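The shown structure was predicted, so the numbers you read here are calculated from the model rather than taken from an experiment.
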Amino acid sequence: MIRIAVVGDIGSGKSYVAKQFGFPVFNADLEVTKIYRSNRLCFKKIKKTLPKYFSSFPIKKDEITKAILEKNNNLKKITRIIHPEVRRKMNIFLRKNKKRDIVVLDIPLLLENRLNKKKDVLIFIDAKKNEILKRLKKKKHFNLKLFKSFKKIQLPVEYKKKKSQFILKNNFTNKFLKKGVKRILKEIL
């Protein structure tokens with residue numbers, strides 16, 4: 001099984017690109033949302049760690065946002081609880097798809113949490129900072145302070161770029177991206 005891991009900056013279009021490969025995708029952000037909505041054990045751990053911010057199950061997005069924005073260290077506390085569960089979900093996904101030729105990992109903190117393997121094909125999604133911010137600001141729940149908090153826990157973009165076997169420029173046009181995806185698939189298959 002070939003594991004393609006899509007990495008890049010927040011808002012660079014990683015999830016969109018991951019879907020373009022046409023293979024099963026493990027989307028860590030989606031899994032985190034599911035954990036907040038359905039995992040009572042994680043809720044209990046988060047509530048015990050940060051009782052001031054969380055009142056009832058399921059965890060609400062605004063509670064998470066408030067906790068992160070009020071104290072920088074809270075994001076690290078939350079990720080220490082959530083990430084082992086995300087790792088477990090990823091392992092289930094990989095077992096379920098073990099007979100597939102290719103799987104795609106869409107995990108924003110892949111390198112930071114050492115979830116990558118030596119043989120993974122890393123693809124860096126390169127997008128201009130001003131384009132990323134323009135896109136993010138259009139999102140309903142965009143919060144610049146929250147964005148900056150998440151940036152602090154990520155490895156530098158240049159490091160991710162260096163670690164990647166492929167760099168796919170995202171100018172946010174479908175045709176351009178699809179050509180890049182086809183080219184990459186041709187090279188790795």
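Residues Ile188 and Val25 fall within the same hydrophobic cluster, defined by Ile, Leu, Val, Met, Phe, Trp and Tyr side chains chained together at heavy-atom separations under 4.5 Å. By the criterion of side-chain heavy atoms lying less than 4.5 angstrom apart, applied directly or through intervening Ile, Leu, Val, Met, Phe, Trp or Tyr residues, Val32 is grouped together with Leu136 in one hydrophobic cluster. Hydrophobic clustering of Ile, Leu, Val, Met, Phe, Trp and Tyr side chains at less than 4.5 Å, counting indirect connections, keeps Ile123 apart from Ile10. Under the 4.5 Å side-chain heavy-atom criterion for Ile, Leu, Val, Met, Phe, Trp and Tyr, Val103 and Leu30 are members of distinct hydrophobic clusters. In the hydrophobic clustering of ILVMFWY residues, with side-chain heavy atoms under 4.5 Å counting as a link, Val104 and Leu189 come out together.
The environment of CG in Asp101 is sparse: at most 12 heavy-atom neighbours from other residues, nucleotides or ligands sit within 6.0 Å. More than 12 heavy-atom neighbours from other residues, nucleotides or ligands sit within 6.0 angstrom of NZ on Lys60. Crowding of Lys77 atom NZ: a count of heavy atoms from other residues, nucleotides or ligands under 6.0 Å exceeding 12.
Applying the salt bridge (charged side-chain N to carboxylate O under 4.0 Å, His left out) criterion to Glu85, with sequence neighbours excluded, gives Arg88. Lys47 is linked by a salt bridge (charged side-chain N to carboxylate O under 4.0 Å, His left out) to nothing, counting only residues two or more places apart in sequence or in another chain.
We find that Glu63 and Lys66 are not joined by a salt bridge, their nearest charged nitrogen and carboxylate oxygen being 4.0 Å or further apart. One finds a salt bridge joining Glu112 and Lys160 here, because a Lys/Arg side-chain nitrogen approaches an Asp/Glu carboxylate oxygen to under 4.0 Å.
Interatomic distance, CG of Leu133 versus CZ of Phe147, reported as 5.0 Å (0.5 Å rounding). To the nearest 0.5 Å, atom CD1 of residue Ile82 and atom CZ of residue Arg87 are 14.0 Å apart. Here the NZ atom belonging to Lys71 is positioned 12.5 Å from the NZ atom belonging to Lys76, to the nearest 0.5 angstrom. Atom NZ of Lys128 and atom CG of Asn170 lie 11.5 Å apart (nearest 0.5 Å). How far CG of Leu146 is from CD1 of Ile68: 5.5 Å, rounded to the nearest 0.5 Å. Taking CD1 of Ile167 as the reference point, atom CG of Leu122 lies at 11.0 Å (rounded to 0.5 Å).
With Arg3 as the fixed residue, the side chain to side chain donor-acceptor pair (under 3.5 Å) test singles out one of Asn97, Asp120, Asn116: Asp120.
Counting heavy atoms from C-beta on, the side chains of Ile2 and Phe23 never come closer than 4.5 Å. Taking 4.5 Å as the limit, every side-chain heavy atom of Val6 sits out of range of all side-chain heavy atoms of Phe166. Taking 4.5 Å as the limit, every side-chain heavy atom of Asp126 sits out of range of all side-chain heavy atoms of Ser12. Inter-residue side-chain proximity for Phe21 and Ile102 is flagged as unmet; no heavy-atom pair is nearer than 4.5 Å. Side chains of Leu94 and Met90 form a contact here, defined as non-hydrogen atoms less than 4.5 Å apart. A 4.5 Å side-chain heavy-atom check between Phe124 and Lys162 finds every atom pair outside the cut-off. The shortest side-chain heavy-atom distance between Phe93 and Leu105 falls under the 4.5 Å cut-off. A heavy-atom distance below 4.5 Å is not found between the side chains of Ile59 and Ile35.
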Run Ile125 and Tyr16 through side chain to side chain contact (heavy atoms under 4.5 Å, CB included) and show every step you take. CA-CA 10 Å; Ile125 308 306; Tyr16 179 79; over 6 Å; no
Can Glu187 and Arg183 be said to form a salt bridge (Lys or Arg N to Asp or Glu O under 4.0 Å), step by step? CA-CA 6 Å; Glu187 279 191 51; Arg183 176 183 54 83; 3.7 Å; yes
For Phe43 and Ile46: C-alpha separation, side-chain torsions, deciding distance, then whether side chain to side chain contact (heavy atoms under 4.5 Å, CB included) applies. CA-CA 5 Å; Phe43 166 72; Ile46 288 173; 5.8 Å; no
Given Val17 and Leu168, is the side chain to side chain contact (heavy atoms under 4.5 Å, CB included) satisfied, shown in steps? CA-CA 9 Å; Val17 172; Leu168 185 58; 3.7 Å; yes
Go through Lys89 and Lys34 one step at a time and tell me if the side chain to side chain contact (heavy atoms under 4.5 Å, CB included) criterion holds. CA-CA 11 Å; Lys89 297 267 189 179; Lys34 288 178 188 175; 5.6 Å; no
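When every heavy atom of Tyr36 is checked against every heavy atom of Phe57, the shortest pair comes out as O-CE1, 4.1 Å. Shown here for Pro108 and Asp29, the closest heavy-atom pair between the two residues is CG-OD1, 3.4 Å. Of all heavy-atom pairs between Val86 and Phe26, the closest is O-CZ, 3.7 Å. Taking all atoms of both residues into account, the shortest heavy-atom contact from Lys178 to Gln20 is CE-OE1, 3.1 Å. Annotation for Lys14 and Val7: closest pair CD-C, 3.5 Å, computed over non-hydrogen atoms. Listed here is the closest heavy atom pair of Ala67 and Asn74: O-ND2, 2.8 Å.
Counted by atom type alone, Ser15 and Asp106 present one or more donor-acceptor pairs between their side chains at under 3.5 Å.
Every pair passing side-chain hydrogen bond (donor to acceptor under 3.5 Å, both in side chains) that includes a residue from residues 145-158 is listed here, sequence neighbours excluded: Asp9-Lys151.
Counting only distance, with no hydrogens or angles, the side chain of Asn113 and the backbone of Leu115 share no donor-acceptor pair below 3.5 Å.
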